[in-house]
2 protein chains.
Amino acid sequence: MAVAPDPVDVLDRAFAIAAQIGGAMNSALTERGLTPVRAGLLLVLHEQGRPVVQRELSQLLQCTPRYVTALVDALETQGWAERQPHPRDRRATLVALTPKGVETAEWMAEGRRKAAHRLLGDLPEADLAGFLVVADRLLGSFGPDEVRGAG
Amino acid sequence: MAVAPDPVDVLDRAFAIAAQIGGAMNSALTERGLTPVRAGLLLVLHEQGRPVVQRELSQLLQCTPRYVTALVDALETQGWAERQPHPRDRRATLVALTPKGVETAEWMAEGRRKAAHRLLGDLPEADLAGFLVVADRLLGSFGPDEVRGAG
DNA sequence: ATACATTGTGAACTATGTACATGATGTGGT
DNA sequence: ACCACATCATGTACATAGTTCACAATGTAT
């Protein structure tokens with residue numbers, strides 16, 4: 001009796017799930033006084049594990065250098081990150097996480113890990129591996145470095 | 001030799017794919033002079049297949065009635081939609097697609113269909129059906145009516 | 001020393017979306 | 001018919017996300 005599923009429906013559901021997860025993450029972030037983009041900046045800084053120059057952040061976040069200035073202003077005002085002078089280039093500014101910023105970034109990474117396991121943890125490994133192969137082919141990438149999650 | 005795949009990686013890829021598709025759609029829309037939200041309004045009007053009152057649009061688009069006014073202003077100025085007086089309620093305003101709007105909405109629907117088939121067309125039907133079951137359980141919905149795609 | 005490139009930021013702008021107030025209209029009770 | 005109240009669209013004002021352009025300060029190569 002099963003009618004053939006429409007790929008359009010499948011894609012719609014995929015987007016709906018992404019939107020729902022994004023919304024849940026968004027709520028959790030808002031409770032901590034973070035917006036999604038600022039949270040992204042925190043995560044990037046945490047991934048790098050070192051102070052990063054604003055110019056480089058603009059490339060990592062795929063936004064304009066000007067907007068990085070605004071983001072860092074906000075993060076600095078609220079105590080998640082701080083500016084440091086670059087030791088050898090007086091034009092550049094290094095951005096580093098504060099202890100509070102590190103703690104929040106780790107809380108986010110943990111939340112992401114939990115969500116992934118809750119959603120996908122019961123799937124057979126073969127299916128996950130297969131998805132990764134197809135996904136990377138679709139993305140035209142050959143490693144996790146080119147992939148930046150969940151805008 | 002295959003190492004166990006990390007569900008976090010899988011979730012990251014899923015978001016990355018969603019972002020990539022969204023970006024591609026966005027570029028295509030920008031070329032036609034549309035923003036994503038305005039395109040969404042066009043699609044909703046096309047799905048309904050009839051003139052719709054602005055109040056109802058605000059519910060369909062999950063935004064405030066005031067913003068619908070602004071969106072319809074934009075769509076009307078650029079010739080995709082037009083306002084019509086409601087035949088029985090002189091407070092209300094009906095919004096209808098122009099021929100240009102219908103054509104663009106069909107172009108978008110066709111693009112979505114093509115993308116879905118390109119991405120998912122070679123998967124076995126059983127996998128697609130299985131995904132739909134899980135997806136609907138995750139979304140807490142029991143039909144396509146509650147699902148609105150890819151904003 | 002001169003020419004050019006790069007970094008971060010001020011100023012101004014667009015797009016998205018909100019809250020509040022208001023005028024015009026519909027609706028239900030008496 | 002009249003009054004109270006709800007509803008529809010919109011003007012005004014505002015907040016956030018993110019952009020372009022201009023510019024001063026600094027680095028770099030000739």
Side-chain angles (χ1 to χ4, degrees), chain A residues 19 22-23 25-27 29-30 32-42 44-45 51-78 80-96 148 150-151, chain B residues 19 22-23 25-27 29-45 51-78 80-96 148 150-151:
Chain A
M25 288 173 59
N26 204 315
S27 303
L29 293 176
T30 303
R32 291 214 166 195
L34 274 172
T35 68
V37 212
R38 295 173 194 176
L41 179 43
L42 243 65
V44 165
L45 284 171
V52 181
V53 170
Q54 293 191 196
R55 165 75 183 192
E56 192 181 346
L57 289 176
S58 80
Q59 296 166 321
L60 290 170
L61 294 173
Q62 307 255 51
C63 68
T64 57
R66 182 60 185 87
Y67 188 45
V68 173
T69 298
L71 288 177
V72 174
D73 283 350
L75 259 58
E76 196 171 36
T77 300
Q78 300 188 262
W80 281 298
E82 60 185 5
R83 284 182 166 92
Q84 300 169 351
H86 192 290
R88 283 181 307 277
D89 189 337
R90 280 182 296 178
R91 297 167 306 176
T93 307
L94 286 172
V95 182
R148 187 109 292 118
Chain B
M25 287 174 60
N26 204 314
S27 303
L29 292 177
T30 302
E31 283 179 18
R32 291 215 166 193
L34 275 172
T35 68
V37 210
R38 295 174 194 176
L41 178 44
L42 241 65
L43 274 181
V44 165
L45 284 171
V52 181
V53 172
Q54 293 191 195
R55 164 77 184 187
E56 192 180 347
L57 288 176
S58 80
Q59 296 166 321
L60 291 170
L61 294 174
Q62 307 255 49
C63 68
T64 57
R66 182 58 185 89
Y67 188 45
V68 173
T69 298
L71 288 177
V72 173
D73 283 351
L75 259 58
E76 196 171 36
T77 299
Q78 301 188 262
W80 281 296
E82 60 185 5
R83 286 183 166 90
Q84 298 170 353
H86 191 291
R88 281 181 308 277
D89 189 340
R90 278 181 298 175
R91 298 166 305 174
T93 307
L94 287 173
V95 183
R148 185 107 295 115

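Order of the sequence lines sets the chain letters (A, B, ...), proteins ahead of strands, with each chain counted from 1. Quantities reported herein were computed from a predicted structural model and do not represent experimental measurements.
Partners of Gln84(A) under the side-chain contact (heavy atoms from CB on, under 4.5 Å) rule, at least two apart in sequence or in another chain, are Pro51(A), Glu82(A), Leu94(A), Ala96(A). Considering only residues two or more places apart in sequence or on other chains, Arg83(A) meets the salt bridge (Lys or Arg N to Asp or Glu O under 4.0 Å) condition with Asp73(A), Glu76(A). Residues meeting the side-chain hydrogen bond (donor to acceptor under 3.5 Å, both in side chains) test with Thr69(B), sequence neighbours left out: Gln54(B).
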Please walk me through it: do Val72(A) and Thr93(A) pass side chain to side chain contact (heavy atoms under 4.5 Å, CB included)?
-> CA-CA 11 Å; Val72(A) 174; Thr93(A) 307; over 6 Å; no
May I have the step-by-step check of side chain to side chain contact (heavy atoms under 4.5 Å, CB included) for Leu61(A) and Leu71(A), ending in yes or no?
-> CA-CA 11 Å; Leu61(A) 294 173; Leu71(A) 288 177; 4.1 Å; yes
Please write out the pairs of protein N or O atoms and N or O atoms of nucleotides 28-30 of chain D separated by less than 3.5 Å, giving the distance to one decimal.
none

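Atom-to-atom, NE2 of His86(B) to P of dT25(C) comes out at 15 Å; the value is rounded to the nearest Å. When rounded to the nearest whole Å, the span between OH of Tyr67(B) and P of dG11(D) equals 16 Å. One can place CD of Glu56(A) at 10 Å from P of dG8(C), the figure rounded to the nearest angstrom. Between the CD atom of Gln59(B) and the C1' atom of dC8(D) there is a distance of 12 Å, rounded to whole Å. What separates CD of Gln78(A) from C1' of dT16(D) is a distance of 13 Å, to the nearest Å.
Using a 4.0 Å heavy-atom criterion, one finds that Val68(B) contacts no nucleic acid atom at all.
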Please set out all donor-acceptor pairs under 3.5 angstrom arising from side-chain atoms of residues 30-44 of chain B, sequence neighbours excluded.
residue: Thr30(B); atom: OG1; partner: Asn26(B); partner atom: O; Å: 2.8
residue: Thr30(B); atom: OG1; partner: Asn26(B); partner atom: OD1; Å: 3.4
residue: Thr35(B); atom: OG1; partner: Arg38(B); partner atom: N; Å: 3.4
residue: Arg38(B); atom: NH1; partner: Gln78(B); partner atom: OE1; Å: 3.4

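Pairs engaging residues 52-71 of chain B under the salt bridge (Lys or Arg N to Asp or Glu O under 4.0 Å) rule: Arg50(B)-Glu56(B) [sequence neighbours left out].
Note on Arg55(B): every side-chain N or O is 4.0 Å or more away from OP1 and OP2 of dG26(C). The phosphate of dT10(D) has OP1 or OP2 within less than 4.0 Å of a side-chain N or O from Arg83(B). The phosphate of dT7(D) has neither OP1 nor OP2 within less than 4.0 Å of any side-chain N or O from Gln54(B).
For the contact set between residues 69-77 of chain B and DNA chain C, defined by any heavy atom under 4.0 Å, there are no members.
Closest approach to the Ala92(A) side chain among dA9(D), dT7(C), dT18(C) is made by dT7(C) (side chain taken as heavy atoms from C-beta onward). Side-chain proximity of Thr93(A) to the nucleotides dT19(D), dG8(C), dT18(C) is greatest for dG8(C). Comparing atom distances between the Thr64(A) side chain and each of dA19(C), dG8(C), dT20(D) picks out dT20(D) as nearest. Listed nucleotides dT16(C), dC8(D), dT9(C) differ in distance to Val53(B); the shortest reach to its side chain belongs to dC8(D).
Closest-nucleotide positions on DNA chain C for Gln62(B) and Arg90(B) were compared, and the one nearer the 5' end corresponds to Gln62(B).
In terms of heavy atoms, Ala81(A) sits closest to Val95(A) at CB-CG1, 4.1 Å.
The base of dG17(C) has none of its N or O atoms less than 3.5 Å from a complementary donor or acceptor on the side chain of Arg66(B).
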